[in-house]
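Notes for the one structure printed next.
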Amino acid sequence: MTPENAKQKRDQLITDGFCIVDNVLTDELLNDLRRETDRMLDSIDHPPHWKFQGSDLNVNSCDEPVINRLIHWKHTRDTLDTLGLGDFKADETMIILSKPPGGPALYWHQDWRRWNDPISTAPWPQYLFLSYYLTDTNFENGCLRVIPGTHTKRIDLHDLLITPHTDAARNVDEHDQYMFCDHPHAVDVPVRAGSLVIAEGRMLHAAHANHSDQRRTLLLCWHRRSTEVPENWTGEIPESILNRDPEIDYEPTRVPGSYLV
Ligand SMILES: O=C(O)CCC(=O)C(=O)O
Ligand SMILES: [Fe+2]
């Protein structure tokens, strides 16, 4: 990646809440991942509460060599370093989210659980999901959708959504007018198999339904960093973070409160 390219992707991640880096996985690793995730998915029951995500299978690196390989993939670590994200640490778990043929859309949601903590106002990347889709994705087979900028900016939809990944969200009507809406600022994020999607967990995102006759599988790994201001941050630091008390145990919540304005 050229330095200009890296800067453009980092800027997009900061401003919009996501960016894409192509050709991160080799065909060889992709084929291994397809075979092994098919095996894992075919060997288990799929409970009804997986309906909207397709599956929500958490696999630890120590249980599956191919997952261990992917979590520690050098090209990804090098990419994070190049984008100035070298202080992020990967979880040791990957989540297999596989939408079966005919699977419904995933509702609009964000995945941040620390909305009571002033760190929620971080203008820098703070809580990232790194996703690899094992097929090319598009509108037809259930690609990702995002609403750019919603990781740091409140929009109308924030106050209309059911709290994500709760029983209420898992049981929501498939035609709920807000959870599955075509928001005017929503954009589709179709990607190539083996590309890396880097996205901020605070950003509103969703996925289209899978109308194809193939599984649409993705592997997702959460990446976290400390609550310190990043060493390479040259922009403004919000008052709320300068005044943040690191001694407080902020009660976790998935509901964006006063720190999202
Ligand atoms: O299926 C996707 O493309 C996104 C999945 C997701 O965001 C989630 O399960 O939290
Ligand atoms: Fe999500």
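Numbering of ligands and ligand atoms starts at 1, following listing order. Keep in mind that the numbers below use all heavy atoms, side chains included, and drop hydrogens, waters and symmetry copies. Please read these numbers as outputs of a predicted model, since none were measured by experiment.
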*With a 4.0 Å cut-off, would you call E64 and R39 a salt bridge?*
yes

*Between D11 and K7, is the closest basic N to carboxylate O distance under 4.0 Å?*
yes

Looking at [X], which atoms of ligand 1 are within less than 4.0 Å of one of its heavy atoms?
X	value
Y133	2 (C), 3 (O)
A207	1 (O), 2 (C), 3 (O)
L97	5 (C), 9 (O)
D111	10 (O)

Measure the distance from [atom] to every protein heavy atom, then report the residue, atom name and distance (to 0.1 Å) of the closest one.
atom	value
atom 2 (C) of ligand 1	L218 CD2, 3.4 Å
atom 8 (C) of ligand 1	H109 NE2, 3.6 Å
atom 5 (C) of ligand 1	L106 CD2, 3.5 Å

_Minimum non-hydrogen distance to atom 7 (O) of ligand 1, winning option of R216, H205, H208_ = H205

*Would one find an N or O of Q53, backbone or side chain, under 3.5 Å from an N or O of ligand 1?*
yes

Does a side chain donor of either [X] or [Y] reach within less than 3.5 Å of an acceptor in the other side chain?
X	Y	result
S240	T121	yes
D111	H205	yes
D156	H183	yes
H165	Y107	yes
E140	S212	no

*So, Y127 versus W222, ring centres under 6.0 angstrom or not?*
yes

*Compute the minimum heavy-atom distance from H165 to ligand 1 and say whether it is under 4.0 Å.*
yes

_Tell me the closest heavy-atom pair linking R202 and S120, and the distance in Å._
NH1-O, 2.9 Å

*Got a donor-acceptor contact below 3.5 angstrom from the D45 side chain to the P47 backbone?*
no

_Suppose the cut-off is 2.8 Å; which protein N/O/S atoms would you list for the Fe ion (ligand 2)?_
H109 NE2, D111 OD2, H205 NE2

*In Å and rounded to the nearest 0.5 Å, what is the CH2 to CG distance from W124 to L85?*
13.5 Å

